Peer 1: 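Here's a structure for you.
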Amino acid sequence: MADLHDEIKREIADNTILVYGKGTKDAPRCGFTAETIQFFNAFGYPFAVVDVLENMPKRQALSEQTDWQTLPKVFIAGQFYGDTDILEPMAKSGELAKLLEKSFEGKGVTPSIQLR
Amino acid sequence: MIDAVITAMLRETMPDAEVRVYDMTGTMDHLEVFVRTKAFQGISPLDRHRMVEKALAPARADGRIHALQIRTATPEDTNG
């Protein structure tokens with residue numbers, strides 16, 4: 001079990017925006033995963049999608065770690081943010097744009113889409 | 001009907017809850033639920049979401065709810 005948590009810890013540390021979901025970025029296999037991909041595409045920052053659809057032990061470890069039973073699960077700069085139910089109000093208030101800017105500061109990454 | 005079931009489940013722990021259920025796909029199991037209650041005052045969005053999921057766990061477990069979008073508010077919030 002420990003190696004699962006290490007694997008998760010590494011994935012979270014290696015990706016400023018990380019989405020655990022069903023399917024891949026190019027082939028999402030669940031509506032909410034697809035919606036989350038479109039959501040982050042609109043910001044223009046790089047993000048990773050890790051497919052855990054078939055990996056029940058990893059899904060269980062993630063659910064326990066986050067006290068959150070569903071997928072997708074989104075992490076930004078190492079922090080858990082749930083899914084678009086949580087992120088959409090943050091996007092509307094402008095909080096998310098600020099968070100993303102801060103999270104990518106000093107990483108030499110500028111969003112491919114300029115935010116108004 | 002699923003909306004009555006959901007409202008009853010939520011009111012077990014949030015008796016004052018105003019609940020609106022929207023069927024997203026016509027199959028009555030891909031739902032959006034809006035919940036307004038005093039119980040959310042001072043509670044983070046993530047924890048509000050956890051409170052709703054915990055209250056609806058039985059309907060999740062037996063498949064009555066397949067997909068769920070949750071929006072939350074307190075009586076003071078103007079949204080929703």
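Just so it is clear: chains get the letters A, B, ... in the order the sequence lines come, proteins before strands, and each one is counted from 1. All of these numbers come straight from a predicted model, not from anything done at the bench.
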Peer 1: Would a hydrophobic clustering, with Ile, Leu, Val, Met, Phe, Trp and Tyr connected at side-chain separations under 4.5 Å, put B:Val52 with A:Leu87?
Peer 2: no

Peer 1: Can you get from A:Leu71 to A:Leu53 by hopping between Ile, Leu, Val, Met, Phe, Trp and Tyr side chains that sit under 4.5 Å apart?
Peer 2: no

Peer 1: Hey, what do you get for CD1 (B:Ile70) to CG (A:Asp83), rounding to the nearest 0.5 Å?
Peer 2: 8.0 Å

Peer 1: Testing the basics here: between B:Arg60 and A:Thr70, what is the closest heavy-atom pair and its distance to 0.1 Å?
Peer 2: NH2-CG2, 3.3 Å

Peer 1: Can you tell me which portion of B:Ala57 sits under 4.5 Å from chain A's heavy atoms? Options are side chain, backbone, both or neither.
Peer 2: neither

Peer 1: Tell me, side chain or backbone of B:Arg48 under 4.5 Å from chain A's heavy atoms, or both, or neither?
Peer 2: neither

Peer 1: Do B:Tyr22 and B:Met1 land in one hydrophobic cluster if side-chain heavy atoms of ILVMFWY residues count as linked below 4.5 Å?
Peer 2: no

Peer 1: Relative to chain A, which segment of B:Glu53 carries a heavy atom at a distance below 4.5 Å: side chain, backbone, both, or neither?
Peer 2: side chain

Peer 1: Do you reckon B:Ile65 sits in the same ILVMFWY cluster as B:Met24, going by side-chain contacts under 4.5 Å, direct or chained?
Peer 2: no

Peer 1: When clusters are formed by joining ILVMFWY residues with side-chain heavy atoms under 4.5 Å apart, either directly or through shared neighbours, do A:Leu96 and A:Phe32 land in the same one?
Peer 2: no

Peer 1: For the residue pair B:Leu68 and A:Asp85, what are the closest heavy atoms and their distance?
Peer 2: O-OD2, 4.2 Å

Peer 1: Side chains of B:His49 and A:Trp68: does their closest heavy-atom pair fall under 4.5 Å?
Peer 2: yes

